[in-house]
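Okay, so here's the structure we're looking at.
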There are 2 protein chains.
Amino acid sequence: MRIGELAAAVGVSTRTVRHYHRVGLLPEPQRHANGYRTYGMRDMLRLARARRLIELGLTLAEAGDVLADDEGRELPEILAELDADLARQEEEIRLRRRQLAAMMARSREGRLGPDDAVSEETARLLARIDVSIPDGPTVRRDRELLAMFDGGRAGAVLAEYHKALDDPALAAATAAIYARFDELVDASPDDPRVPALAADMAAALGGELTAVVEAAPPGELDDQPYGAALVGDFPPAQAEVLRTLYRKWTSR
Amino acid sequence: MRIGELAAAVGVSTRTVRHYHRVGLLPEPQRHANGYRTYGMRDMLRLARARRLIELGLTLAEAGDVLADDEGRELPEILAELDADLARQEEEIRLRRRQLAAMMARSREGRLGPDDAVSEETARLLARIDVSIPDGPTVRRDRELLAMFDGGRAGAVLAEYHKALDDPALAAATAAIYARFDELVDASPDDPRVPALAADMAAALGGELTAVVEAAPPGELDDQPYGAALVGDFPPAQAEVLRTLYRKWTSR
DNA sequence: TAAAACGTTGACGCCGCGACAAGGTCAAGG
DNA sequence: CCTTGACCTTGTCGCGGCGTCAACGTTTTA
């Protein structure tokens, strides 16, 4: 048998057979006078066995070990390990498909933005915000931030936000604050609305702030780990509100 | 923000962030005077979005496309494709786990050889052979061959073999033939038992042979596609039996 | 006699980074 | 002032399991 016949009989490519030779999974067979590899039945058996193990999910090295050990001494442990690995993969796939199904459903009912690739829990809060708070640049940014920290890093914030939306009066107050913040988009940092809004925000967002800056060190917001990046993303007056708010909070 | 802070905030390595820059998934941010990359909130948002898509199973290129398109135009198709792919993988994993479970069960009850990584159907036939035919070199080789061609390439042979084992008389005759074949292991090719055995095999293995050499071209067995490799695996007298058998069959 | 269909070795590509190497930068401490 | 250590920079190799050229020799077929 030449390499093409062997490969065709077992159902692999000649490249695969040569690859197995190079990595030592199959021994190099005898060569014909012209340099062609010449295979016998025993080579074919070994290749077929290796393929069955590989198709089960063993790596080439593992398959080689199993075939080298006379009569599969360590096969059971490899199988157990492999099964555990497959079980884990299966669970992962199921989880992702659940997420995908939710996203595809949302895609069919409405629009689907990049922030919809988010856990169901966060998706519920985002949907609630969407119906409770009038649209605006700041609420959009907050939605983005909530989505960004999806995955356990801001679970406490989610709970506080839900509480704020549970009470219609609180929800209305929150919406009002968003609106006032939006109005400052082109204002000067000296605008008298800045300290007023900061004071009202400090009063209104008490619980939520507790969750976020639980251990806020003193100093200016710009000097905090992510503070500079945060305020840098806002226009001057809005940034000033954040700085004032941070000062109020750390001096509490 | 510097790269380490960004990476820590999103939960990836700095190496990953730089990799995303190189492949174009994230734009290179501004540099500080010392050459350090400096990130803002928008970079963080983009990275977090990309990560969520990637963790869902999108490739880096796909995630880049989705984030590049303003508001996910082609996201739904990618999601559908991805879900189909995951469904296929899930099915594959389930299939492999079924095979693994069967193998692990066999491993617990008895011994587990390299030929047990085989379909349930073939495994059943191998088990039947094991109890019906006394052990010997030839029956072992036949078991190996059956296992080798597992997977649809020899389904007809399986059926014929089952039929031979269904009838106790046929099973006994088959066992006898195996025994006589084994006796020829050290015999000369001129041994008078060779033609006698070939004749009896031709009579006994009619159906099975029909399945194997359904369209056997005339000529010597050694000149057939896999004939040389096959007879090369047998001692002289046994090889001669096979040649004679092939001649009988093609001149039928 | 030429073309096609085999065979040979060798090298690069894929995907998503991890793990080095070989440095430069910066703040804190002795 | 010097060192230490924790950052940052670019660049390259490695992984797994082959597919896919390239550039060439051999055998079989029209």
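All chains are named by letter (A, B, ...) in the order of the sequence lines, taking the proteins before the strands, and each is independently numbered beginning at 1.
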Just the rounded figure in Å: distance from [atom2] of [N] to [atom1] of [X].
| X | N | atom1 | atom2 | result |
| --- | --- | --- | --- | --- |
| B:H21 | D:dT9 | NE2 | P | 8 Å |
| A:L47 | D:dG17 | CG | P | 15 Å |
| A:L53 | D:dG17 | CG | C1' | 16 Å |
| A:R37 | C:dT8 | CZ | P | 5 Å |
| A:E5 | C:dC6 | CD | C1' | 10 Å |
| A:I54 | D:dC18 | CD1 | C1' | 11 Å |
| B:H32 | D:dT9 | NE2 | P | 12 Å |
| B:H19 | C:dG16 | NE2 | P | 7 Å |

Distance col, row A:L221:CG vs A:E240:CD, nearest 0.5 angstrom, shows 10.0 Å

Interatomic spacing from CG in B:L242 to CZ in B:R247 - rounded to 0.5 Å | 11.0 Å

Are any side-chain N or O atoms of [X] and backbone N or O atoms of [Y], one a donor and one an acceptor, separated by less than 3.5 Å?
| X | Y | answer |
| --- | --- | --- |
| B:R42 | A:D233 | no |
| A:E5 | A:R2 | yes |
| A:Y39 | A:A7 | no |
| A:R143 | A:L126 | yes |

The answer to which of A:G35 and B:A33 contacts DNA chain C further toward the 5' end, by nearest nucleotide, is A:G35

Test log, rule salt bridge (charged side-chain N to carboxylate O under 4.0 Å, His left out), inputs B:E28 and B:R37 | CA-CA 8 Å; B:E28 280 279 358; B:R37 294 177 177 85; 2.9 Å; yes

Can you find a side chain N or O atom of A:N34 that sits less than 4.0 Å from OP1 or OP2 on D:dT27?
-> yes

Going through the distances and angles, do B:E90 and B:R94 end up as a salt bridge (charged side-chain N to carboxylate O under 4.0 Å, His left out)?
-> CA-CA 6 Å; B:E90 198 177 346; B:R94 263 204 282 271; 3.5 Å; yes

Would you mind classifying the nucleic acid contact of A:R22 as base, sugar-phosphate or nothing, using non-hydrogen atoms under 4.0 angstrom?
-> nothing

When we call it a touch if two heavy atoms are under 4.0 Å apart, what does A:R18 touch: a base, just sugar-phosphate, or nothing?
-> base

Note down the inter-axis angle between the two ends of the helix from C:dT1-D:dA30 to C:dG30-D:dC1, five pairs each, to the nearest 10°.
-> 30°

Once base and sugar-phosphate atoms are separated, protein heavy atoms under 4.0 Å mark nucleotides 18-24 of chain C, 5' to 3', with B, S and - as BB----B

Determine whether the side chains of B:R51 and B:Y20 contain a donor N or O and an acceptor N or O closer than 3.5 Å.
-> yes

Upstream residue (5' side of DNA chain D) when B:G4 and A:L58 are each assigned their closest nucleotide | B:G4

